[in-house]
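Below you'll find the structure, written out as structure tokens, and then a few comments.
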Amino acid sequence: MKQASKLFLTPDAADKASYIEMMTATAQAVAAAMDHPHAYAGMEPYTLRDAVHTDEMLPEKGSDFAAILEEVKARILPNLLRPMSTNYMAHLHSPALLESIASELIIATFNQSMDSWDQSPVATEIEVEVIRNLCKMYGYDEELADGVFTSGGSQSNLSGLLLARDWFCNTALKWDVKKSGLPENFRKFRMYSSEIAHFSMEKSAHLMGLGYESVVKVPVNDAMQMDLAALKALIAEDVKNGNLPFCIAATVGTTDFGSIDDMKELRKLCDEYGMWLHADAAYGSGVVMSKKYAHRVAGLADCDSITVDFHKMFLLPISCSASLVKDKRNFDALTIHADYLNREEDEEDGYINLVNKSMQTTRRFDALKVWMSFKMRGAEGWSEIITRCIDNAAYFYDRLAVNKDVEVFVKPEISSVVFRVLPLPDSKEDADTVNKRIRRELLHNRGVVIGQTVCKGHVSLKFTLLNPLLTHEKLDELLSLILSLR
Ligand SMILES: *Cc1c(COP(=O)(O)O)cnc(C)c1O
């Protein structure tokens with residue numbers, strides 16, 4: 001056999017053999033690393049830092065792949081966090097479904113770039129199809145709606161809110177932000193989101209030139225949803241003061257509690273005041289897949305834009321997200337033509353250049369992961385996965401609610417449960433200290449990674465249940481373990 005180039009996968013048989021050999025060796029090393037159930041091996045930050053310290057990142061002479069893989073096996077693989085472990089429930093951070101890892105191999109190998117058709121011919125057409133089907137799935141009119149894959153919920157939120165701002169300026173103020181920048185009265189712009197909405201609201205407001213002060217934080221009710229009476233009062237107050245309400249951002253699944261804002265009522269307010277309704281469904285977008293629970297997010301169809309994250313409830317590898325828009329004409333805000341990339345004449349001849357809808361230029365073929373996984377598991381398979389996660393949270397909540405050693409706060413609408421452990425009667429530590437200590441103890445000594453947040457002023461523990469392999473027995477076991485550490 002001819003010498004392999006050792007650079008790329010090429011038509012050459014020797015290169016194909018090296019490709020298969022390297023991928024196989026990698027897959028074997030990864031599989032072999034899965035030999036214990038821990039979510040994390042436990043090393044503390046300073047120890048881990050010392051263990052990987054190197055001044056030899058770029059040695060004068062390289063080594064062969066096998067030697068590098070050995071080093072990865074020794075130093076990196078054992079210390080990687082394992083989101084696939086049933087001992088992991090800290091964040092909206094999911095294990096990756098097997099078929100989607102295969103998708104990643106295709107995505108990386110062919111390295112399509114989704115900005116222009118000539119860099120991603122069939123990939124562009126697949127993304128268009130996936131987006132069209134997603135629009136339908138969320139209740140949009142597929143002829144009028146559109147969307148684009150993004151790097152994550154934060155970018156999808158920025159994209160939705162930017163379209164909201166430009167739509168408001170175009171329609172209410174007859175002002176073209178794209179051409180002329182912000183109008184003079186931009187300091188009066190107001191958007192509303194719950195006080196427990198994701199911080200990407202404020203970040204987006206900053207990036208859009210409106211600043212944090214444009215984001216009105218609406219108090220939440222006992223169910224951790226935006227309080228509608230408070231929201232109405234805040235809007236009325238703003239209108240009275242000459243401010244310009246332009247958008248409500250509903251959170252469809254808050255990061256900590258999974259609580260869902262009332263989209264039907266928010267829609268009415270948006271219509272009354274001429275506002276855009278954005279849905280940050282980075283978390284809750286997955287609920288649509290559960291035949292049992294989809295009705296909880298039916299209001300998404302009433303929103304003008306939707307943030308969907310596939311790297312949370314949908315169990316696809318990072319990154320994978322989409323920004324959907326009910327009226328595709330609003331994407332004009334993100335269109336700019338470049339002679340070298342997305343010529344206007346291309347479109348007339350049927351070449352779709354997806355960069356026209358995107359903040360990113362070079363972009364991954366993440367739509368393939370959705371395409372392969374949806375086709376492989378079907379509506380039934382998907383419904384089982386999502387329903388199980390939501391049922392698990394309901395089960396765990398019920399267990400906590402009857403346990404006098406813990407306090408649990410909100411009945412989960414999706415799959416997150418926030419609670420705190422109450423100290424033993426003779427404990428010398430206060431409750432906050434006990435809860436913090438237990439989380440650290442689990443992380444470093446028990447291989448269990450759970451979340452921590454603050455609820456109603458108390459340090460609390462959080463189970464974010466995204467792993468359908470979790471069983472009721474396992475949840476009971478974890479609760480016993482946690483209580484035993486008091
Ligand atoms: C995770 C999350 C985001 C941010 O999404 P990324 O994909 O991490 O950028 C936004 N909103 C909510 C409600 C989230 O839970």
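Treat the numbers as computed from the prediction; the structure is a model and nothing was measured. All ligand and atom numbering here is 1-based and tracks the order in the structure. No hydrogens, no waters, no symmetry mates; every other heavy atom, side chains included, goes into these values.
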Could you tell me which atoms of ligand 1, counted from 1 in the order shown, lie closer than 4.0 angstrom to a heavy atom of [X]?
X      : result
Thr255 : 12 (C), 13 (C), 14 (C), 15 (O)
Asn157 : 10 (C), 11 (N)
Asp309 : 5 (O), 6 (P), 7 (O)
Ala282 : 2 (C), 3 (C), 10 (C), 11 (N), 12 (C), 14 (C)
Gly152 : 7 (O), 9 (O)
Leu92  : 15 (O)

Greater than 12 external heavy atoms within 6.0 Å of [X]'s [atom1]:
X      : atom1 : value
Arg440 : CZ    : no
His36  : NE2   : yes
Asp222 : CG    : no

**Message:** Filter on ring-ring contact (aromatic ring centres under 6.0 Å, His included), then keep only pairs touching residues 257-278, sequence neighbours left out; what's left?
**Reply:**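 For residues 257-278, and leaving out neighbouring residues, the ring-ring contact (aromatic ring centres under 6.0 Å, His included) pairs sorted by first residue read Trp167-Trp276.
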Can an N or O of [X] be found at a distance shorter than 3.5 Å from an N or O of ligand 1?
X      : value
Thr251 : no
Ser154 : yes
Tyr283 : no

Considering heavy atoms of the protein only, find what lies nearest to [atom] and give residue, atom and distance to 0.1 Å.
atom                    : answer
atom 14 (C) of ligand 1 : Lys312 NZ, 2.8 Å
atom 11 (N) of ligand 1 : Asp280 OD2, 2.6 Å
atom 6 (P) of ligand 1  : Gly153 N, 3.2 Å

**Request:** Tell me, please: is Gly253 in heavy-atom contact with ligand 1, that is, under 4.0 Å?
**Result:**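 It does; at least one heavy atom falls under 4.0 Å.
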**Asked** Non-hydrogen atoms of Gln155 versus ligand 1: any pair closer than 4.0 Å?
**Response**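 It does not; every heavy atom stays at 4.0 Å or beyond.
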**Asked** Taking the six-membered ring where the residue is Trp, are the ring centres of Tyr88 and His93 under 6.0 Å apart?
**Response**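 So the answer is yes for these two rings.
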**Message:** Centroid separation under 6.0 Å, is that true for the rings of Phe419 and Phe396?
**Reply:**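 Here the rings of Phe419 and Phe396 have centres that are less than 6.0 Å from each other.
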**Message:** Regarding Asp332 and Lys178, does a basic nitrogen lie under 4.0 Å from an acidic carboxylate oxygen?
**Reply:**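 Salt bridge between Asp332 and Lys178, a charged N being under 4.0 Å from a carboxylate O: yes.
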**Message:** Could you work out, with side chain to side chain contact (heavy atoms under 4.5 Å, CB included) as the rule, every residue matching Ala197, not counting sequence neighbours?
**Reply:**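 With sequence neighbours excluded, Ala197 shows a side chain to side chain contact (heavy atoms under 4.5 Å, CB included) to Ser193, Ser194, Met201, Thr251, given in chain and number order.
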**Asked** Cation over ring, Lys375 on Trp371, under 6.0 Å and within 45°?
**Response**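 Geometry flag: set, cation within 6.0 Å and 45°.
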